[in-house]
Amino acid sequence: LSRITLEKTLSNRLTIEDTIRHFKAKPYGWDIWAVANCIASLFKTGKVKLTRESTELGQADLFDALTNNRQRPNVLISPEQEYTAEQIKFVKDAARDNFNESIEESEAKKVVEDFKKIVQNELTEIKGLYAQRSQFPFLENLSQTINILEAVKDQPNEYYFTELEPAMNELRQSKDDILQIKSFFNGGQKDKYVEAKSFYDANKVNFSYFNDRRAIETLRGLLGDSKP
């Protein structure tokens with residue numbers, strides 16, 4: 001780690017291949033897998049970060065980054081920035097306040113990994129709902145939430161500790177609407193809505209013969225409401 005920190009201080013570009021070459025030489029004489037194991041350990045404990053073409057690598061990318069001869073010269077290694085307990089707490093609070101999920105981890109890298117999973121799970125669920133917007137027009141309102149989640153889901157670690165707050169504030173404004181939509185689909189309201197819409201679609205050509213215009217307009221308004 002001291003070698004990596006020194007190169008960072010000197011503003012030198014350090015790759016995995018550079019690191020392996022350095023520790024294979026005298027006076028160290030380590031073999032390639034010993035160096036790779038050390039890098040993996042530093043990565044997993046949040047001491048260093050790995051980037052390729054300005055994209056920060058995650059746990060799933062680690063094996064290839066260390067074992068692929070063509071990747072190692074292109075994967076940069078640098079010390080992971082340290083974050084305060086308050087910054088880590090903010091991310092954990094964001095998971096709780098915006099997604100009703102708890103993060104038990106306390107190490108910065110693992111907190112971010114858990115937070116990203118929570119965001120991805122939420123995005124998958126919201127997209128699944130949004131796909132039904134032709135049948136349920138009020139789901140059009142989810143487009144902004146999807147845009148925010150897409151922007152947040154795969155940022156560098158530093159983003160979550162220094163730039164996450166505005167996006168979370170935006171999400172918080174729509175939290176009640178999202179909960180209402182989820183409740184609509186998880187409860188009995190969805191079936192009632194589908195039944196009412198089926199009745200409307202099947203009979204709208206005959207509505208001109210109905211005497212109760214007020215009831216028809218009420219039904220039309222409910223089906224076209226921007227909220228469930």
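Excluded from the calculations below are hydrogen atoms, water molecules and symmetry mates; all remaining heavy atoms, backbone and side chain alike, are included. Along the sequence shown, the residues carry numbers beginning at 1.
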Would you say that Thr15 contacts Arg72 through its side chain, given a criterion of any heavy-atom pair below 4.5 Å between the two side chains? no

Are Lys109 and Asn157 side-chain neighbours, meaning at least one heavy-atom pair lies under 4.5 Å? yes

Within 6.0 angstrom of Lys24 NZ, more than 12 heavy atoms from elsewhere: no

Nearest heavy-atom contact between Glu80 and Gly46 is CB-O, 3.2 Å

Counting C-beta onward and ignoring hydrogens, is there a side-chain heavy-atom pair between Leu149 and Lys127 closer than 4.5 Å? no

So which atom in Val75 and which in Ala65 form the shortest heavy-atom distance, rounded to 0.1 Å? CG2-CB, 4.2 Å

Name all residues meeting the side chain to side chain donor-acceptor pair (under 3.5 Å) criterion together with Glu107; count only those two or more places apart in sequence or in a different chain, and write none if there are none. none

Are Lys117 and Glu101 close enough for a salt bridge, meaning some N to O gap below 4.0 Å? no

Check whether any side-chain heavy atom of Tyr130 lies under 4.5 Å from a side-chain heavy atom of Glu140, and answer yes or no. yes

Decide yes or no for Tyr159 and Val152: does some side-chain heavy atom of the first lie under 4.5 Å from some side-chain heavy atom of the second? yes

Single-linkage hydrophobic cluster, 4.5 Å side-chain cutoff, Ile32 and Phe63 together: no

Whether the side chain of Asp93 engages the backbone of Phe90 through a donor-acceptor N/O pair (distance < 3.5 Å, no angle test) should be reported. no

Those residues at least two apart in sequence (or on a different chain) that pass ring-ring contact (aromatic ring centres under 6.0 Å, His included) with Phe161 are Tyr83

Considering all heavy atoms, the nearest Leu139-Leu129 contact: CD1-O, 2.9 Å

Is there a side-chain contact between Gln144 and Ile148 (heavy atoms, below 4.5 Å)? yes

Would you say Leu164 and Phe115 make side-chain contact, with heavy atoms under 4.5 Å? yes

Indicate yes or no for a side-chain donor-acceptor contact from Thr55 to the backbone of Thr51 under 3.5 Å, with no hydrogens or angles considered. no

Heavy atoms only: give me the nearest Ala34-Trp30 pair and the separation to one decimal. CB-CB, 4.3 Å

Taking side chain as C-beta onward, heavy atoms only, is Glu113 less than 4.5 Å from Glu105? no

Thr124 side chain to Asn121 side chain, donor-acceptor N/O pair below 3.5 angstrom: no

